[in-house]
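Notes follow the structure.
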Amino acid sequence: MIKVESLTKKYGGFTAVDDVSFTAQPGRVTGFLGPNGAGKSTTMRIMVGLTPASSGHAEIAGRRYADLPNPGLEVGVLLDASAQHAGRTGREILTIAAQTMGLPKGRVDAMLERVSLTPTEANRRVRNYSLGMRQRLGIATALLGDPAVLILDEPANGLDPAGIRWMRDLLRGYADQGGTVLLSSHLLHEIEVIADDLVVIGQGRIVAGGTKAELLAAAGTLVRTRDLPTLSRALVAADLHFVESTGALRVEADPDVVGEVALAAGVALTELRSADGAGLEEMFLELTAETQRDQKSEGVAA
Ligand code: ADP
């Protein structure tokens, strides 16, 4: 499993990663979600020893990455699919990686097949690969040593819908066999369908975490009525918190509680349901908006 403890990374006076702690469990896909610039890549780079932390540390299977004797056998990593040697063929890249890890050559063909790169494609130079093909090759490299842990930074980037479905199935199968998967994304919907657990990061800080089911349940209740003022007053009187969004109210309470408050207030409802992912999306949009505001104000200051 993966354990990140109080990880902080400062670049000069700027804190890119701020006291980040979370775990990713075996047999589960953990989604690391946050808008661009939130600190996902930096966290992942620290986890695999590519960037030194300012403080805190990360462990994979109980050890720091630098202490793993043959890291490729313990953890598969895909951080930047474009960072592969452009002049080499896909097959060459996998062969060199297999040699470095002391793996039999047959493993290369098995992995090419696993990620659906044809022999012709495998013999093409990587500079002529599409981003989707690079992602497949990167995933093949990550899986090569049959590690128990996978760390993937935005692996769905550049994949078409069929490619995304393929990767989702691959990672699901991998986790179902007991593997630990940590994958990042800046797209809520992309990660919502595959992740069992979510860790949400914004501006370097963890803002939410838990099982997907918990986070979705915490979204509360969506309620609609033609008489918003009366319902709002009744909710305030009942000490229930809510926010208005697109003509509806999202209330921090279960639907049966909200229904009873409405009934007592004599308000006719046109909709009453669990808010599902709406709360998560709202939180995520707020985060994104704040990040954008920050960038704007930075731009003004500069
Ligand atoms: P994400 O992966 O979530 O998009 P990153 O981890 O790449 O975010 O970046 C987090 C923040 O740290 C960004 O504001 C980025 O500009 C900054 N950052 C990343 N690397 C460096 C660096 N080497 N020097 C200075 N700032 C950096």
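All values below were derived from every heavy atom in this structure, side-chain atoms included, with hydrogens, water molecules and symmetry-related copies excluded. Read the numbers this way: they start at 1 and go in the same order the structure lists the ligands and their atoms. In this text, all values refer to a predicted model and were calculated from it rather than measured experimentally.
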Quiz item: Should we count CZ of Arg205 as having more than 12 external heavy atoms under 6.0 Å?
Solution: no
Quiz item: Can we say Arg136 and Glu121 salt-bridge, meaning some charged N sits less than 4.0 Å from an Asp/Glu carboxylate O?
Solution: no
Quiz item: Nearest protein heavy atom to atom 16 (O) of ligand 1: under 4.0 Å?
Solution: no
Quiz item: Per the side chain to side chain donor-acceptor pair (under 3.5 Å) rule, which among Asp197, Asp176, Thr180, Thr211 passes with Arg28?
Solution: Asp197
Quiz item: Judged by modelled atom types alone, do Asp153 and Ser184 share a side-chain donor-acceptor pair under 3.5 Å?
Solution: yes
Quiz item: Heavy-atom distance under 4.5 Å between the side chains of Phe242 and Leu231, does that happen here?
Solution: no
Exercise. Under 4.0 Å from a heavy atom of Pro35: give me the atoms of ligand 1 that qualify, with their elements.
Key: 3 (O)
Quiz item: Which ligand 1 atoms, with their elements, are less than 4.0 angstrom from a heavy-atom of Ala16?
Solution: 11 (C), 12 (O)
Quiz item: Just which atoms of ligand 1 are under 4.0 Å from any heavy atom in Ser41?
Solution: 1 (P), 2 (O), 6 (O), 7 (O)
Self-check item: Salt bridge present between Glu214 and Lys212 (N-O < 4.0 angstrom)
Solution: no
Exercise. Please tell me if the side chains of Leu143 and Asp146 come closer than 4.5 Å, counting only heavy atoms from C-beta onward.
Key: no
Quiz item: What's the shortest distance from atom 5 (P) of ligand 1 to any protein heavy atom, and which residue and atom give it?
Solution: Thr42 OG1, 3.6 Å
Quiz item: Could an N or O of ligand 1 be found under 3.5 Å from any N or O of Thr43, whether backbone or side chain?
Solution: no
Self-check item: Salt-bridge criterion met for Arg172 and Asp196 (N-O under 4.0 Å)
Solution: yes
Quiz item: Heavy atoms only: which of Gly202, Ser185, Gly37, Gly34 is nearest to atom 1 (P) of ligand 1?
Solution: Gly37
Practice problem: Within a distance under 4.0 Å of any heavy atom of Asn36, pick out the atoms of ligand 1 and give their elements. | Solution: 4 (O)
Quiz item: Given the rule in the side-chain hydrogen bond (donor to acceptor under 3.5 Å, both in side chains) test, do Asp18 and Thr15 qualify, once you have shown the distances and angles that lead to the verdict?
Solution: CA-CA 6 Å; Asp18 193 356; Thr15 307; 5.4 Å; no
Quiz item: For atom 21 (C) of ligand 1, is some protein heavy-atom partner under 4.0 Å away?
Solution: yes
Exercise. Identify the protein heavy atom lying closest to atom 18 (N) of ligand 1, giving its residue, its atom name and the separation to 0.1 Å.
Key: Tyr11 CE1, 3.6 Å
Self-check item: Ala38 N/O under 3.5 Å from ligand 1 N/O
Solution: yes
Quiz item: Would you say Ser184 contacts ligand 1, with heavy atoms under 4.0 Å as the rule?
Solution: no
Practice problem: Around atom 8 (O) of ligand 1, find the nearest protein heavy atom and jot down its residue, atom name and distance. | Solution: Gly39 N, 3.1 Å
Quiz prompt | N or O pair under 3.5 Å between Phe14 and ligand 1 | solution = no
